[in-house]
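Reading through the structure tokens given below for one structure.
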2 protein chains.
Amino acid sequence: MSKTQTPQTNSAADATRMALVMAALQLFGRQGFDGTSTREIAAQANANIGSIAYHFGGKEGLRLAAADYIVETIRTIVAQAFGGAAQIQRVTSEQAEAQIDATVERMVGFMVARPEAGEIVQFVLRELSTPTDALDRIYTGVFEPVHRRLCQLWAAATGEEAESEKTRISVFMMIGQVVYFRIARAAVMRRMDWADIGPAEAAKVIGVAKENVAAIIAARKAGKK
Amino acid sequence: MSKTQTPQTNSAADATRMALVMAALQLFGRQGFDGTSTREIAAQANANIGSIAYHFGGKEGLRLAAADYIVETIRTIVAQAFGGAAQIQRVTSEQAEAQIDATVERMVGFMVARPEAGEIVQFVLRELSTPTDALDRIYTGVFEPVHRRLCQLWAAATGEEAESEKTRISVFMMIGQVVYFRIARAAVMRRMDWADIGPAEAAKVIGVAKENVAAIIAARKAGKK
DNA sequence: GTCTATAAACAGATAGAC
DNA sequence: GTCTATCTGTTTATAGAC
């Protein structure tokens, strides 16, 4: 680690930087980029308005820094989820399905358990609806590698081709059925009569999701014969 | 039809109202509520800034009017989709599954074919992420009735209870796996190498979605025995 | 009903003291 | 590096002419 990145060097300046990034992530996620003023961010970070321009060049720079933070955070989680295994490894269909199940569980778990998850998901959702350079970093750093990895697992589980159109679509659907519970949170809670989507509710979601995945994989395997 | 609602009475004033609502829907959807100025809306509607305050009381009133327009639009589509049938009717498991398939097809088709669909979905997504009074109208007018209707069909197809927790979750997942393609549009297009999500791409999505639904329903029916 | 002019508040960026 | 004061532009809302 040379001077290109300085993770913990200057505690004073870096503390300010970090506080600003965290505040920005939270507020951008909650109120949107346009709905958040730099004054608001500075206030929440216990910094002053000028520090944003100093550290990040401006409001736009803060958005990119928030995106980088998200990539870093998810990467850490994903790395331990996949056990730091290399891209390809020989697994049986059952092992692959178990790993997919574990991933589904982890995805729901992350969205529920992690305190920052709400803001991160909202931030990404907003970027998806109006892509900026920040989405580019998140796509390249998170979306692409995770989706690709799941496609490999899916292929191992079903016997289909990993990079085929059908597999890629299937994996998107598997992700979609789960993250929808966070996206449409407000509607889900109301229709389900849930006061919150906490661990108890997450467990129910995971249960149904696993059942669905198992049914789909079984059908695909049967179709392959 | 009494004077409570005046759909086509005053062509001059109503044309302005309608133009403002359409412009607001489009711009709120694309750029968000905070990201859109009333000047921008007025300009696109070929009206002047003052007319917003006059007709809707202010920017917030326009948001509610846009929500009402969405409810009206979707209601029309849904009505013809379900054939104006009453709440409950005796259908076989196969008929129910066929109706679910048709609904999935219609949902994807709507999101792709309708020119306003993009803005409507985006508008609703933004409301979901930061609920206001507008979401309340959309939930009550669209979300709730449609989800409830699908639950009935799901119950008829699988033999499960219509208002059980599992059924409600399953229906949300069915919706989620499909609408995710619109929500994560930017990421999907990039990963799928699609220049657009048009009719051709929609057909592929529909194909996989139907397969998934069929597999899940079959597994549920088998589990019931 | 429509449109213009203006008010009052607030935005992001910056220059300069410390 | 931090913080304050200020500049410039833009926001919504409104009052009043037509």
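Sequence lines set the chain letters: A, B, ... in the order given, protein chains first and strands last, and positions in each chain run from 1.
- In this structure, the CD1 atom of Ile41(B) is 11 Å from the P atom of dT11(D), given to the nearest Å.
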Sugar-phosphate means primed atoms, P, OP1 and OP2; the rest is base. With that split, encode nucleotides 4-18 of chain C 5' to 3' as B, S or - using protein heavy atoms under 4.0 Å. B------BBSB----
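- Scanning both residues, Ile41(A) and Ala24(A), for their nearest heavy atoms gives CG2-N, 4.1 Å.
- By the 4.5 Å heavy-atom criterion applied to side chains, Glu211(B) and Lys166(A) are counted as neighbours.
- For the pair Leu20(A) CG and dC3(D) P, the interatomic distance rounds to 10 Å; values are reported in whole Å.
- Salt bridge absent: Arg114(B) and Glu119(B) never bring a charged side-chain N and a carboxylate O closer than 4.0 Å.
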Before you tell me yes or no, could you show the steps for Gln26(A) and Glu116(A) under side chain to side chain donor-acceptor pair (under 3.5 Å), namely the whole-Å CA-CA distance, both residues' side-chain angles and the distance that decides it to 0.1 Å? CA-CA 8 Å; Gln26(A) 207 168 98; Glu116(A) 326 133 74; over 6 Å; no
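- Using a 4.0 Å cut-off between charged nitrogen and carboxylate oxygen, Arg190(B) and Glu144(A) do not count as a salt-bridge pair.
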